[in-house]
Amino acid sequence: QKEVEQNSGPLSVPEGAIASLNCTYSDRGSQSFFWYRQYSGKSPELIMFIYSNGDKEDGRFTAQLNKASQYVSLLIRDSQPSDSATYLCALCPGGTYKYIFGTGTRLKVLA
Amino acid sequence: DTGVSQDPRHKITKRGQNVTFRCDPISEHNRLYWYRQTLGQGPEFLTYFQNEAQLEKSRLLSDRFSAERPKGSFSTLEIQRTEQGDSAMYLCASSEEQGTPLHFGNGTRLTVT
């Protein structure tokens, strides 16, 4: 089992819709969770981080964490074509300094 | 806060040559990370520094790779005797504390011909 699993997509949503991106992880000791956006040929850009169970909202973005079920999700409301990118889920597992990244989900917002 | 800076942005080299990349982290951050990313994959951890100490290194990192952070500020990543499989984006990131967000530089894209 991979440490961080994401559906590679592409996930296609119409402009103005809600995009839902999901991520599951294997290490129950993981404490910190992150979502990054990455445009083609560019480096990852931090979108959200979440440390506690529940929802965290920032503008059009909501991160949801459920440690018991070992998943974290990102909701993007009112999706725009400029949101089209790859979204990377990342976390800090226990017992290591490194951050582990998923392979990313490619999102396409159709105008 | 000027962000994480990496140099060069692009590097094309011939197989067998040595290359060195530089990273300047955010000045307040004492934690520095190197990652490698290939097409269609997420960033893959290479190594971690806390101040000048290299505290973690990926087992995937061959002995052709070496990284330093001599004064706890900027860091260098050297690849000796490059191979075509080394072609990738090399990303540097820094963070304020363990578990806080990583801030990435623009990356160095390496092409080995």
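Within every chain, numbering begins at 1; the chains are lettered A, B, ... in the order of the sequence lines, protein sequences first and strands thereafter. Keep in mind that the numbers below use all heavy atoms, side chains included, and drop hydrogens, waters and symmetry copies.
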*Check the pair A:Phe49, B:Leu102 against side chain to side chain contact (heavy atoms under 4.5 Å, CB included), reporting the backbone distance first and the verdict last.*
CA-CA 10 Å; A:Phe49 60 91; B:Leu102 292 181; over 6 Å; no

*Hey, which of B:Leu39, B:Leu55, B:Thr47 has the most heavy atom pairs under 4.5 Å with chain A?*
B:Leu55

*Rounded to the nearest 0.5 Å, how far apart are CD of B:Glu44 and NZ of A:Lys98?*
9.0 Å

*B:Ser58, part contacting chain A, at a heavy-atom distance under 4.5 Å*: neither

*When hydrophobic residues are tied together by side-chain contacts of less than 4.5 Å, even through go-betweens, does A:Val72 share a cluster with A:Leu46?*
no

_Residue among B:Phe45, B:Tyr33, B:Tyr48 satisfying ring-ring contact (aromatic ring centres under 6.0 Å, His included) with A:Tyr99_ = B:Tyr33

_According to a hydrophobic-cluster definition based on side-chain heavy atoms being under 4.5 Å apart (Ile, Leu, Val, Met, Phe, Trp, Tyr only), do B:Val19 and B:Leu46 belong together?_
yes

*At their closest point, which heavy atom of B:Arg109 faces which heavy atom of A:Gly41, and how far apart are they?*
NH2-CA, 4.1 Å

*Inspect the surroundings of NZ in B:Lys11 and state if more than 12 heavy atoms from other residues, nucleotides or ligands are less than 6.0 Å away.*
no

_Considering all heavy atoms, the nearest B:Gly99-A:Ser32 contact_ = O-OG, 3.0 Å

*Determine whether B:Tyr90 and B:Leu61 fall in the same hydrophobic cluster, where Ile, Leu, Val, Met, Phe, Trp and Tyr are linked whenever their side-chain heavy atoms lie under 4.5 Å apart.*
yes

*Of the non-hydrogen atoms in B:Pro43 and A:Pro44, which two are nearest, and what is the gap between them?*
CG-CG, 4.3 Å

_For the CD atom of A:Glu45 and the NE2 atom of B:His103, what is their distance to the nearest 0.5 Å?_
11.5 Å

*Got a sec: does the CD of B:Glu68 have more than 12 other heavy atoms crowding it under 6.0 Å?*
no

_For B:Gly105, is there any backbone N or O sitting under 3.5 Å from a side-chain donor or acceptor partner on A:Ser43?_
yes

*Determine, using the 4.5 Å side-chain heavy-atom cutoff (strictly less than), whether B:Leu77 and B:Val112 are members of one ILVMFWY cluster.*
yes

*Is it the side chain or the backbone of B:Leu91 that comes within 4.5 Å of chain A heavy atoms, both, or neither?*
side chain

_If you count every heavy atom of other residues, nucleotides or ligands that lies below 6.0 Å from A:Glu57 atom CD, does the total exceed 12?_
yes

*Same cluster or not: are B:Trp34 and B:Ile79 linked, directly or through other Ile, Leu, Val, Met, Phe, Trp or Tyr residues, by side-chain heavy atoms under 4.5 angstrom apart?*
yes

*Got B:Thr100 and A:Tyr51 here, is their nearest side-chain heavy-atom distance under 4.5 Å?*
yes

*At a heavy-atom separation under 4.5 Å, does A:Thr96 approach chain B through its side chain, its backbone, both, or neither?*
both

*Verify, without hydrogens or angle tests, whether B:Glu56 (side chain) and A:Tyr97 (backbone) share a donor-acceptor contact under 3.5 angstrom.*
yes

*Is chain A contacted by the side chain of B:Gln37, its backbone, both, or neither, given a heavy-atom distance below 4.5 Å?*
side chain

_Please classify the contact of B:Gln6 with chain A as side chain, backbone, both or neither, using a heavy-atom distance under 4.5 Å._
neither

*asked:* A quick test of your reading: do over 12 heavy atoms of other residues, nucleotides or ligands sit less than 6.0 Å from NZ of A:Lys67?
replied: yes

*Return yes when atom CZ of B:Arg15 has more than 12 non-hydrogen atoms of other residues, nucleotides or ligands closer than 6.0 Å, and no otherwise.*
no

*Sort out for me which of A:Gln38, A:Lys42, A:Arg106 touches chain B most, counting heavy-atom pairs under 4.5 Å.*
A:Gln38

